[in-house]
Amino acid sequence: MKKYLIYDSETTGLNIIKDRAFLFQYGIVDENLDLIEIETFDSNDATSKSKYAYYLKTIPTLVGHNIKFDIHMAINDGFDIDIFKDKNYIDTAVLARLVINHDKQADSTFSIALKKLAVRYLGIDAADEEKKLRAELSRLTSDHKLKMKQHFIDKGLWDMSLKTTEETILLNDIYNNWNKVYHKYSKFMVERKTFLRLNPAPTYENCTNIKTYGETDIKLTYGLFKLWYPQVVRLDQVETLMRVSKAVFPLVLMERKGLSVDIQRVLNDRNAIIKELSKTKIIDPRTKTELSVGQHAKLKDLYEFECGFPVESADKNARAMIEQYSPAARTASYIAKLSKYLNTYITGVLNKLTYINSEYKIFTQYNMAGTITGRLSSDFQQFPKEPLELNDGTIINIRSWFIVPKKDKYMFYFDYAQMELRIQCEWTAIILGEPDKNMARAFMPYKCIQIGDKYYLEENPAMEWHTTDLHSMTAQHAFPNVSLSDPLWKDHYRQLGKRANFAINYGAAAPKLVQALKVDFPTAQALVAGYKKAFAGVVAFGKWINQRVYSTDNIPNLMLRRYYSRNKHQLQNWLVQGSGADILLLKLAEIYEYIKDKPHWNFMISVHDEVGFTCEDIPEAQLSKEVTEIQALMCHKLSAVDIICDIEYTTTKWSEKIDWKGHIN
DNA sequence: AGCGAGCCGTAC
DNA sequence: GACGTACGGCTCGCTG
C-alpha cells in the first residue's frame with residue numbers, strides 16, 4: 001500500500017513565491033516503511049507531473065525535510081493548493097526535535113540540517129555531493145560576475161585605471177551589496193538592471209550534478225523517516241507530531257500572504273540614514289584611520305586610549321558608561337545604531353522585496369523545527385519596536401514600513417497577555433494542587449469573596465482585591481525598608497523588581513543580575529530573595545523539576561510535548577516557553593478551521609505570543625462578531641488562570657495599531 | 001575565497 | 001554548573 005510520500009524538490013532559489021521547482025523527487029513508502037518506488041523528474045515533464053499530482057492527491061501522508069518550502073514550490077509549479085489542505089505532514093526536521101535527546105540538541109554543535117543529521121544518525125556522508133554542487137555554483141557565479149564587469153566595460157562605464165583591489169571592491173559592491181550601496185553608483189544603475197534581465201544569475205538549475213544530488217536527498221530523508229518515525233510512538237510524541245502537522249497548512253497560507261511594504265517610506269528612511277552616516281566617522285587619532293563599528297577589538301583599544309582605563313567590551317553597555325570620557329564611544333553608539341538599521345533592516349527588506357500584483361511585499365518563512373522548545377523561528381521576528389530619532393530630527397519607525405495590503409482594509413493583532421507568566425502560574429497549580437496565590441491574584445480574584453461587583457481577600461475580608469503588581473511585590477520583599485511612597489519607588493525600586501522578575505524567570509541568578517541591572521551583589525541577592533518570597537510557587541516548581549529529572553528521563557510540557565533532558569535549569573524555562581509555543585500551534589490550526597470559509601480573513605504573521613491577520617472591508621457588525629469569535633477561539637483555558645488575548649488593529653500601518661474596543665474606534 | 005567562531009543587537 | 005529561545009550582519013582568523 002502506498003502510504004507515505006517522501007517529498008522533495010530542487011528549486012531556482014529561496015523565494016517562496018517567485019522561485020519554482022525545476023526538479024521533483026519523490027519516494028513511495030508502504031505501511032512497513034519500505035521504500036517501494038523512487039523517481040526524479042523534470043518540472044516540464046507533463047506526464048510525470050500528472051502522475052505525481054495523482055500521488056499527491058491520494059497518498060495521505062507527505063514526508064519531507066522542511067516540508068513547507070517544497071509545498072510552496074509545488075504550488076508555484078501549478079499544483080492545486082487544495083491538494084495540500086488536508087494532508088498529514090511529517091517533517092523530518094521536526095522528527096529530529098521530537099526524538100533526539102534534548103540535552104544533545106542543546107549542544108552548540110547540534111544542527112538540524114539534513115546533511116548533518118544524515119552524517120550523525122545514518123552514517124551517510126553526503127557532504128561531498130553538496131560540496132561539488134556548491135563549488136560549481138560558485139564557479140558559475142564568479143563567471144557571471146566577470147561577465148557583468150565586461151558588460152560595463154563594453155558600455156564604457158568601467159574606469160580602466162582602477163587598481164586590482166579597487167576593482168574588486170567596486171565589483172563586489174555592485175554584484176553582492178547593491179541594495180546597501182547603490183546610492184554611490186548611480187551610473188551603473190540602468191546597465192546593471194539590463195545585464196541582469198538578459199543574463200539571470202546562475203542557480204542550482206545550471207549545475208551538472210543536481211540530479212544525483214536531489215536523489216541523494218530523497219534517500220536521506222527516507223532514511224531519517226524510517227529511523228525516527230517509529231521512535232515518535234515509543235517516546236510518546238505522537239500528539240505533538242500531529243499538532244505540528246496541523247499547523248503546516250495554516251503556516252503555508254500565512255507565508256504566502258506576506259507583508260505589504262511601503263517602499264517609498266523605506267527608501268526615504270534609507271536616504272536619511274545614509275545622509276547621517278556620511279556626516280559621522282570614527283577616526284583613530286593615533287593612526288588617522290577610519291574604523292567601522294564592527295571592529296570591536298580595535299574600538300575597545302581606542303576607547304581605552306581615550307579613557308585611560310580598561311574597558312570591559314565594545315558593546316553598547318560598555319559604551320554607555322564611558323561616553324563622557326571617550327568621543328569615539330559617543331560616535332560609535334550613534335553609528336552602530338544607524339549601521340544596524342541600514343545593514344540589517346533596510347537592506348534586508350530591499351533584498352527580500354518582491355513586486356507582485358502591483359504591490360511590494362516581503363515573504364518570510366517560519367521554521368517549525370528551529371528551536372528546541374517548539375517555538376517557531378523566523379527571520380522576521382526581530383524588527384525593532386521602538387522608533388529611532390536621528391540627530392537631524394528624522395524619526396525612523398520600522399514598523400511603519402508595513403502597511404495594510406491593497407485588497408484588505410484592516411490588520412488585526414491578537415496578542416496573548418503575559419502568556420508565560422500565566423503558564424508559570426499553571427505549573428504552580430499542577431505541582432502544588434493550587435496556584436501560587438500572588439501570581440493568580442495578578443490575573444484574577446483568586447481566593448477572594450465577591451460582594452456586589454467587588455472582591456475581598458479571603459484571609460483578610462477588609463482588604464479589597466486589586467490585580468497584584470508582581471513587579472512591586474518582588475521589590476517590596478527585596479527592599480522591605482523602602483516605603484511605597486518613596487519618591488524613587490516607581491522609577492527605581494519597582495523598575496528593579498520588574499527587570500529582576502524577567503531575568504529570574506529566564507533563569508538568572510544573582511551574579512547575572514549584577515551585570516544586567518547594574519546593581520551591587522547584595523542588592524542582587526536581595527532581589528533574588530525578594531522574588532523567591534513573592535513567588536513561593538515558582539520556587540516549588542524548580543524543586544519539583546529537580547526531583548523529576550532523577551525519577552524520569554523526560555518531562556512533558558502543558559501540551560504533552562516531552563523534553564528528554566536532565567538539565568533542570570533549562571527545563572524550567574523550556575516547560576514554560578514550550579507550552580506557550582504549543583498552545584500557539586494548536587490555535588493556528590483551530591483558527592484556520594474558523595477562517596477557511598471566510599476568505600476575507602487571512603493569516604499574516606505570528607511571533608511567539610501573537611497572531612496577526614488581515615481582513616477585507618466587511619460590514620461592521622460582522623467584523624465585530626467575527627473578531628469576538630476569534631478572540632474566544634484564541635483563549636486557552638487552564639486550571640488556574642486562562643490565557644487570554646488583547647486585540648489591536650489598524651487600517652493604515654503596523655506602527656499605528658490601536659486597541660480594539662469591540663468596534664471600529 | 002570560503003567557512004566558522006565570536007561579537008553585537010534585535011525580538012518574545 | 002549560575003539569563004531562556006531565536007535571527008542576521010560584520011570582522012577576523014584559519015584552512016586549503
Side-chain angles (χ1 to χ4, degrees), chain A residues 97 102 105-106 108-109 111-112 127 131 134-135 137-139 141-142 145 168 172 176-177 180 291-300 312-319 332-333 335-349 351-352 364-367 369-386 388 398-399 415-416 418-421 424 499-517 521 524-525 528 542 563 566-581 584 605-610:
Chain A
R97 290 294 184 188
H102 291 78
Q105 294 184 43
S108 60
T109 59
S111 164
I112 206 78
K131 236 179 181 172
R134 286 196 184 189
L137 184 61
S138 160
R139 274 196 306 278
T141 305
S142 98
K145 198 164 160 181
T168 309
N172 250 329
N176 297 327
N177 303 325
K180 182 173 158 190
L291 295 178
S292 77
V293 283
Q295 293 176 290
H296 306 119
K298 291 200 175 87
L299 283 173
K300 186 165 167 285
E312 263 181 37
S313 96
D315 71 10
K316 68 173 182 179
N317 285 331
R319 287 195 310 261
S333 288
I335 297 186
K337 196 87 177 174
L338 298 185
S339 305
K340 175 84 173 166
Y341 271 56
L342 181 63
N343 298 337
T344 304
Y345 306 123
I346 294 179
T347 307
V349 164
N351 284 343
K352 283 171 87 76
T364 188
Q365 289 177 70
Y366 295 89
N367 186 346
T371 71
I372 195 166
T373 58
R375 266 192 180 180
L376 299 170
S377 67
S378 107
D379 61 355
F380 189 78
Q381 66 199 18
Q382 63 273 25
F383 278 63
K385 276 173 90 111
E386 297 304 323
L388 165 69
I398 290 184
R399 296 189 173 198
D415 183 343
Y416 283 117
Q418 298 180 289
M419 186 186 214
E420 293 197 351
L421 275 181
Q424 279 275 12
R499 292 166 66 198
N501 279 350
F502 274 107
I504 298 169
N505 279 338
Y506 283 146
K512 277 293 170 186
L513 292 187
V514 170
Q515 263 179 16
L517 277 60
F521 194 67
Q525 284 177 309
V528 172
Y563 302 108
R566 296 196 186 277
N567 187 326
K568 183 254 161 192
H569 185 246
Q570 279 178 307
L571 271 168
Q572 182 152 2
N573 185 262
W574 294 350
L575 291 170
V576 173
Q577 184 184 115
S579 298
L584 199 82
I605 188 176
S606 177
V607 191
H608 309 315
D609 63 358
E610 110 181 30

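Chain A is the first sequence line, chain B the second, and so forth, proteins listed ahead of strands; every chain is numbered from 1. Because the structure is a prediction, the values reported are computed rather than measured.
Taking the side chain of Asp315(A) as heavy atoms from C-beta on, and the options dC12(B), dT5(C), dG9(B), the nearest nucleotide is dG9(B). Picking from dC12(B), dG9(B), dG4(C) the nucleotide with the shortest atom distance to the side chain of Gln577(A) gives dG4(C). When each of dA6(C), dG9(B), dC12(B) is scored by its nearest atom to the side-chain atoms of Lys340(A), the top-ranked nucleotide is dG9(B). In this structure, the nucleotide among dT10(B), dA2(C), dG4(C) sitting nearest to the side chain of Gln570(A) is dG4(C). Of the candidate nucleotides dA6(C), dC3(B), dT5(C), dA6(C) has the atom nearest to the side chain of Arg97(A). With dC3(B), dA2(C), dT10(B) as the choices, the nucleotide that has an atom nearest any side-chain atom of Arg134(A) turns out to be dC3(B). Out of dT10(B), dA6(C), dG4(C), the shortest distance to the side chain of Thr371(A) is found at dA6(C). Relative to the side chain of Asn343(A), the nucleotides dC10(C), dC12(B), dC7(C) differ in distance, and dC10(C) lies closest.
Between the P atom of dG8(C) and the NZ atom of Lys352(A) lies a distance of 7 Å, rounded to the nearest Å. When rounded to the nearest whole Å, the span between CG of Leu338(A) and P of dT10(B) equals 11 Å. Atom P of nucleotide dG4(C) and atom CE of Met419(A) are separated by 21 Å, given to the nearest angstrom. At whole-Å resolution of the value, CG in Leu388(A) and P in dG9(B) are 14 Å apart. Atom CG in Asn567(A) sits about 12 Å away from atom P in dG1(C), given to the nearest Å. Taking atom NZ of Lys385(A) as the reference point, atom C1' of dG9(B) lies 16 Å away to the nearest angstrom. Ile112(A) has its CD1 atom 16 Å from the C1' atom of dC7(C), to the nearest Å. With rounding to whole Å, His102(A) atom NE2 is found 13 Å from dT5(C) atom C1'.
An OP1 or OP2 oxygen of dG4(C) is reached within less than 4.0 angstrom by no side-chain nitrogen or oxygen of Trp574(A). Look at Ser313(A) and you'll find a side-chain N or O under 4.0 angstrom from OP1 or OP2 of dC8(B). In this model, the phosphate group of dT10(B) is approached by a side-chain N or O of Lys337(A) to a distance below 4.0 Å at OP1 or OP2. One finds a side-chain N or O of Ser292(A) lying less than 4.0 angstrom from the OP1 or OP2 phosphate oxygen of dT11(C). For the OP1/OP2 pair of dC7(C) and a distance below 4.0 Å, the side-chain nitrogens and oxygens of Ser377(A) include at least one atom meeting the criterion. The phosphate of dT10(B) (OP1 or OP2) has a side-chain N or O of Lys316(A) nearer than 4.0 angstrom. The side chain of Arg319(A) places an N or O atom within less than 4.0 Å of a non-bridging phosphate oxygen (OP1 or OP2) of dG9(B).
Across all strands shown, Ser339(A) has no heavy atoms under 4.0 Å from either base or sugar-phosphate atoms. Across all strands shown, Ser138(A) has heavy atoms under 4.0 Å from sugar-phosphate atoms exclusively, and none from any base. If you check every strand for non-hydrogen atoms under 4.0 Å, Phe380(A) touches nothing. Looking at heavy-atom distances under 4.0 Å, Lys180(A) makes contact with sugar-phosphate atoms alone, never a base. Among the heavy atoms of the strands lying under 4.0 Å from Pro511(A) is at least one base atom, whether or not backbone atoms are also near. Across all strands shown, Arg399(A) has heavy atoms under 4.0 Å from sugar-phosphate atoms exclusively, and none from any base. Among the protein residues, Phe502(A) comes within range of no part of the nucleic acid, since none of its heavy atoms lies under 4.0 Å from any strand. At the heavy-atom level, Ile372(A) lies under 4.0 Å from the strands shown only through sugar-phosphate atoms. Using a 4.0 Å heavy-atom distance criterion, Ala314(A) is classed as a sugar-phosphate-only contact. Counting non-hydrogen atoms under 4.0 angstrom, Gln515(A) reaches nothing in the nucleic acid.
Residues Asn351(A) and Lys180(A) have side chains that never bring a donor and an acceptor to within less than 3.5 angstrom of each other.
Annotation: the span from Ser378(A) atom OG to His608(A) atom NE2 amounts to 7.5 Å, rounded to 0.5 Å. Atom NZ of Lys298(A) is separated from atom CG of Leu291(A) by 7.0 Å, given to the nearest 0.5 angstrom.
Positionally, the nearest nucleotide of DNA chain C for Phe521(A) lies more toward the 5' end than for the other of His608(A) and Phe521(A). Residue-to-nucleotide proximity on DNA chain C shows that, of Lys568(A) and Asn573(A), the 5′-proximal contact is made by Lys568(A).
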**OP:** Please test Val607(A) against Asp415(A) for side chain to side chain contact (heavy atoms under 4.5 Å, CB included), starting from the C-alpha separation and ending with a verdict.
**Re:** CA-CA 9 Å; Val607(A) 191; Asp415(A) 183 343; over 6 Å; no
Original post:
Between Lys352(A) and Asp379(A), does a side chain to side chain contact (heavy atoms under 4.5 Å, CB included) hold up when you go through it step by step?
Top reply: CA-CA 11 Å; Lys352(A) 283 171 87 76; Asp379(A) 61 355; 2.8 Å; yes
Original post:
side chain to side chain contact (heavy atoms under 4.5 Å, CB included) between Asn172(A) and Lys145(A): does it pass, once the steps are laid out?
Top reply: CA-CA 9 Å; Asn172(A) 250 329; Lys145(A) 198 164 160 181; 3.0 Å; yes
**OP:** Please lay out, stage by stage, how Leu421(A) and Asn505(A) fare under the test side chain to side chain contact (heavy atoms under 4.5 Å, CB included).
**Re:** CA-CA 9 Å; Leu421(A) 275 181; Asn505(A) 279 338; 3.5 Å; yes
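With sequence neighbours left out, Thr344(A) forms a side chain to side chain contact (heavy atoms under 4.5 Å, CB included) with Lys340(A).
Checking side-chain atoms of Arg499(A) against main-chain N and O of Ala516(A) turns up a donor-acceptor pair under 3.5 Å.
Ring planes of His102(A) and Tyr563(A): perpendicular class, angle over 60° (limits at 30 and 60°).
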Kindly give the atom pairs (protein nitrogen or oxygen, nucleotide nitrogen or oxygen) under 3.5 Å for nucleotides 12-16 of chain C.
from, atom 1, to, atom 2, distance (Å)
dC12(C), OP1, Gln295(A), NE2, 3.4
dC12(C), OP1, Lys298(A), NZ, 3.4

